[in-house]
Amino acid sequence: MDSGAQEVIAYEGEAILEPYEGMEFESEDAAKIFYDDYARRLGFVMRVMSCRRSERDGRILARRLGCNKEGHCVSIRGKFGPVRKPRASTREGCKAMIHVKYDKSGKWVITKFVKEHNHSLVVSPREARQTMDEKDKKIQELSAELRNKKRLCTTYQEQLTAFMKIVEEYNDQLSLKVKNVVNNLKEFESIDVELTQRG
């Protein structure tokens with residue numbers, strides 16, 4: 001992490017390193033760990049939000065990390081009225097977030113930082129952890145599972161490509177053998193015709 005322009009704030013008597021635009025990290029995970037720690041110390045819960053991927057290889061190029069009170073809950077109704085008893089919403093349209101982007105230097109850099117929350121912050125880090133609802137946990141679990149499936153998919157794709165290459169090489173060899181057989185037959189036929197004519 002780049003320590004060139006660190007900004008430290010005092011919150012509840014504790015010194016907290018605050019994110020800033022241009023702040024660098026060794027990896028996307030390092031940025032997540034930093035913002036998660038910052039969130040915990042300040043008294044809110046981090047939510048892993050949208051990302052932008054490379055169209056070429058599916059690699060993550062940018063990621064948005066924010067507050068779990070980001071956005072608003074949309075009421076989903078079934079054909080015959082509400083699906084189930086509505087829960088108290090944890091979303092309050094909070095815009096606090098950081099946007100980290102993979103840089104050509106190989107580092108992950110904060111390109112945008114929104115500091116202000118539109119709700120009161122939970123003072124106790126333990127309380128902050130308890131406010132993470134099951135949906136957030138499920139999203140994290142499913143994201144990890146999706147990453148594993150994508151890795152498996154890439155491995156299978158590589159194996160399939162290697163197998164197809166072997167098949168292609170075998171087909172080329174087979175085509176060459178068939179061509180040789182056809183040429184030999186043609187040669188045999190021409191000798192046969194010549195012998196017949198002589199006879």
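Counting begins at 1 with the first residue of the sequence. Just the heavy atoms: all of them, side chains too, but no hydrogens, waters or symmetry mates, feed the values below.
- Distance check: Lys32 NZ to Met46 CE gives 7.0 Å after rounding to the nearest 0.5 Å.
- Cys67 places a side-chain heavy atom less than 4.5 Å from the side chain of His119.
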Is there a salt bridge (Lys or Arg N to Asp or Glu O under 4.0 Å) between Lys107 and Glu26? Walk through the geometry before answering. CA-CA 5 Å; Lys107 306 264 188 185; Glu26 292 300 320; 2.5 Å; yes

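- Ring geometry for Phe44 against His117 counts as tilted: the plane angle lies between 30° and 60°, on a 0 to 90° scale.
- Checked options Phe25, Phe34, Tyr102, Tyr35; the residue passing with Trp108 is Tyr102 (criterion: ring pair (Phe, Tyr, Trp, His ring centres under 6.0 Å)).
- Val100 and Phe113 fall within a single hydrophobic cluster, where Ile, Leu, Val, Met, Phe, Trp and Tyr are joined by side-chain heavy atoms under 4.5 Å apart, directly or via other members.
- When each of Asp103, Ile110, Val109 is checked for a side chain to side chain contact (heavy atoms under 4.5 Å, CB included) with Glu24, only Val109 meets the rule.
- Residues passing the salt bridge (Lys or Arg N to Asp or Glu O under 4.0 Å) test with Arg56, sequence neighbours excluded: none.
- For the salt bridge (Lys or Arg N to Asp or Glu O under 4.0 Å) test, no residue two or more places apart in sequence or in another chain qualifies with Lys101.
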Go through Asp37 and Arg41 one step at a time and tell me if the salt bridge (Lys or Arg N to Asp or Glu O under 4.0 Å) criterion holds. CA-CA 6 Å; Asp37 184 60; Arg41 287 166 180 268; 2.9 Å; yes

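- Listed by chain and number, the residues in a salt bridge (Lys or Arg N to Asp or Glu O under 4.0 Å) with Asp29 amount to none (sequence neighbours excluded).
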Should Arg53 and Arg59 be marked as a side chain to side chain contact (heavy atoms under 4.5 Å, CB included) after you check the CA-CA gap, both sets of side-chain angles, and the distance that decides it? CA-CA 5 Å; Arg53 291 181 179 275; Arg59 212 160 33 91; over 6 Å; no

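- Of all heavy-atom pairs between His99 and Met97, the closest is CB-CE, 3.9 Å.
- Thr154 meets the side-chain contact (heavy atoms from CB on, under 4.5 Å) test with Glu158; sequence neighbours excluded.
- Both Ile60 and Val48 sit in one connected hydrophobic cluster of ILVMFWY residues. Membership requires side-chain heavy atoms under 4.5 Å apart, directly or through other members.
- To the nearest 0.5 Å, the span separating CD on Glu28 from CG on Leu61 amounts to 10.0 Å.
- By the 4.5 Å heavy-atom criterion applied to side chains, Arg147 and Ser143 are counted as neighbours.
- Ile33 and Leu17 are not part of a single hydrophobic cluster, where members link through side-chain heavy atoms under 4.5 Å apart.
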Distance-only donor-acceptor pairs under 3.5 Å for side chains of residues 161-181, two or more places apart:
residue	atom	partner	partner atom	Å
Thr161	OG1	Gln157	O	2.7
Ser175	OG	Asn171	O	2.9
Asn180	ND2	Leu176	O	3.4

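- If you chain together ILVMFWY residues whose side-chain heavy atoms come under 4.5 Å of each other, Phe188 ends up in a group of its own.
- Atom CD1 in Ile98 sits 11.0 Å away from atom CZ in Arg63 (nearest 0.5 Å).
- Between the CG atom of Asn148 and the CZ atom of Arg151 there is a distance of 4.5 Å, given to the nearest 0.5 Å.
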